[in-house]
Amino acid sequence: MTEQDQPDLTTELIHHAYQAPGGFASPVMPVYKGSTVIFKDVAALRQRDWRSRHGYTYGLHGTPTTFTLEERLCTLEGGQQCVLLPSGLAALANVALAVLKTGDEVLLPDNVYGPNKALTENELAQWGITHQYYDPMNAADLTARLSPRTRLVWLEAPGSVTMEFPDLLGMVQGCRQFAASRTPAAPLILALDNTWGAGLAFKPFDLGVDVSVHALTKYPSGGGDVLMGSVVTRDEALHWRLKATHMRMGWGVAANDCETILRSLPSMALRYQAQDASARHLAQWLGQQPAVVQVLHPALPDSPGHGHWQAVCEPHGGLAAGLFSILLDPSWTEQQVDAFCDALQRFKIGYSWGGPISLVMPYALTGMRHLPTSALKPGHLVRFSVGLEHRADLQADLAQALAVAERAA
Ligand SMILES: *Cc1c(COP(=O)(O)O)cnc(C)c1O
């Protein structure tokens, strides 16, 4: 062993004497990295609770960077507790795994985010957890499907791709009434996928949900460069169940990714409003084009569930995400729809939304839905995510692509 005051270079580079002074008063949260956290002595180790946000045990359980992001997301969503996950889909899975057991049933809207259906129909079904899809435009259909085995109800507003805005208030109320009357009393968890509302268009906990899931991949990232999800709650006991599952599954997030979200959060409301304004303008313009048979944008009067959007979002400023779909003339061929998407120059073909680049994606409704979709007119479904480009350039792009598709008939 080397002398205590003369360590070998290899040792010195690890156990270095220099400590940077405190007091670097930047308002920016540093990227704290680390798996190991050093305990000052064994007593400190024994006293530390891995769940507590008043100290640190291991990088996976929390760092100053993750705690800071969690607190800001609680503020955004109006909740009290938060867990961070490596994707929005992992956040959906965390909720299911934490609250469901064999023999339970989960209810999902028929227009729920597609991969949530896949998780339910595969892993959850494999573990003896049953499910039913309910009509997203009919609160009575949801309540009629509740049973003593129902443990979890997913809500999503608006629905993925088809954008119908559900009667959230009626659905929450119906579920609460059922849960209060069932014997033996058993908790019914109401979980909202709040990615579209993003904490800006409405306040999920004011509606009475238990859990708000947010794909931070979308607006909180804003750059199309990070995948992350969050699960926010107000109920402490429910949070500890989520957090325990989160720990046992090893669902940590990378510090650099947290930094990116922390950097993007301050501009999120401005981006959301700008993308909303452009999307609304383009949706209205597309609604006037002869090839478009229906525009699916909850803030537009003819869109399914517009009244429900008004009830929930107008008290908070009447906002909507920069996302909408259209149904193109059913007499168009598949080739024309493809030609339209291919002809777009500014709108790129790709999944996701909320980033700076506008995106387009054609969808086939057949296979996506289990129940009748009476609110939708027949036609070819195409979804747009509006980015931060100038709306005049986007409108010109749509106009030229429609012309190309007409010629492809
Ligand atoms: C994108 C999305 C998710 C999943 O987020 P990922 O980070 O891509 O896994 C979940 N729900 C909704 C509504 C989404 O749009």
Side-chain angles (χ1 to χ4, degrees), residues 69 73 76-77 82-97 106 108-120 122-123 133 136 152-166 168 191-202 204 209 211-232 246 249 251-254 257-258 260-261 264-265 268 271-272 275-276 279 296-298 305 309 312 320-325 350-355 357-361 363 368-369 381 383-387:
L69 180 54
L73 293 169
L76 175 68
E77 305 245 4
C82 175
V83 288
L84 298 172
L85 293 108
S87 69
L89 181 54
L92 297 169
N94 193 1
V95 175
L97 266 62
V106 52
L108 308 95
D110 198 27
N111 56 5
V112 76
Y113 178 65
N116 200 358
K117 279 190 172 175
L119 171 72
T120 304
N122 292 278
E123 277 72 13
Y133 296 113
L152 173 65
V153 175
W154 280 108
L155 302 164
E156 195 170 316
S160 276
V161 186
T162 42
M163 310 296 294
E164 307 97 321
F165 208 97
L168 282 179
L192 173 79
D193 186 329
N194 193 33
T195 305
W196 179 93
L200 299 170
F202 60 91
V209 303
V211 176
S212 177
V213 171
H214 195 160
L216 308 176
T217 307
K218 309 290 166 51
Y219 284 101
S221 154
D225 51 358
V226 180
L227 287 148
M228 203 183 290
S230 62
V231 184
V232 171
H246 180 270
M249 298 303 291
W251 275 322
V253 294
D257 289 347
C258 293
T260 307
I261 307 274
S264 297
L265 271 184
M268 180 172 133
R271 287 184 279 106
Y272 194 90
Q275 283 166 280
D276 176 11
L296 304 167
H297 184 308
W309 171 83
V312 166
L323 193 71
F324 68 93
S325 295
Y351 290 107
S352 203
W353 40 280
I357 297 175
S358 293
L359 298 170
V360 64
M361 183 57 67
Y363 284 92
M368 276 169 64
R369 300 290 278 265
L381 183 62
R383 187 184 74 180
F384 301 93
S385 161
V386 176

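Note that the structure is predicted; figures quoted are calculated from it, not measured. All ligand and atom numbering here is 1-based and tracks the order in the structure.
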**Message:** Nearest 0.5 Å, please: how far is OG in Ser264 from CG in Asp225?
**Reply:** 7.0 Å
**Item:** Nitrogen or oxygen atoms of Glu156 and ligand 1 under 3.5 Å apart
**Value:** no
**Item:** Any donor-acceptor N/O pair, Thr195 side chain to Ala215 backbone, under 3.5 Å
**Value:** yes
**Request:** Applying ring-ring contact (aromatic ring centres under 6.0 Å, His included), run through Phe165 and Trp196 and close with a yes or a no.
**Result:** CA-CA 11 Å; Phe165 208 97; Trp196 179 93; 5.8 Å; yes
**Prompt:** Quick one: which of Asp193, Asn116, Leu85 has a heavy atom closest to atom 12 (C) of ligand 1?
**Reply:** Asp193
**Asked** ligand 1 versus Thr217, non-hydrogen atoms closer than 4.0 Å: side chain, backbone, both, neither?
**Response** side chain
**Item:** Heavy-atom nearest neighbour in the protein, as seen from atom 3 (C) of ligand 1, with distance rounded to 0.1 Å
**Value:** Tyr113 CZ, 3.3 Å
**Message:** I want to know if ligand 1 touches Leu227 in the polar sense, i.e. an N/O pair below 3.5 angstrom.
**Reply:** no
**Request:** Check ligand 1 against Leu89 and write out every atom of the ligand that is under 4.0 Å from a heavy-atom position of the residue.
**Result:** 4 (C), 5 (O), 6 (P), 9 (O)
**Prompt:** Can you name the nearest heavy-atom pair linking Ala198 to Tyr272, along with the distance?
**Reply:** CB-CE1, 3.9 Å
**Request:** Without swapping roles, check the side chain of Arg271 against the backbone of Tyr219 for a donor-acceptor pair under 3.5 Å.
**Result:** yes
**Asked** Between Glu164 (side chain) and Gly305 (backbone), is there a donor-acceptor pair under 3.5 Å?
**Response** no
**Request:** Using distance alone, with no hydrogens and no angle criterion, decide if Arg369 and Thr162 have a side-chain donor and acceptor under 3.5 Å apart.
**Result:** yes
**Request:** Give yes if a backbone or side-chain nitrogen or oxygen of Gly88 is under 3.5 Å from a nitrogen or oxygen of ligand 1, and no if not.
**Result:** yes
**Asked** Which atoms of ligand 1 have any heavy atom of Ala215 under 4.0 Å away?
**Response** 2 (C), 3 (C), 4 (C), 5 (O)
**Asked** Counting each atom of ligand 1 from 1 as listed, which ones have a heavy atom of Lys218 under 4.0 Å away?
**Response** 1 (C), 2 (C), 3 (C), 14 (C), 15 (O)
**Atoms of ligand 1 close to Trp353 [distance to a heavy atom under 4.0 angstrom, numbered from 1]** = 15 (O)
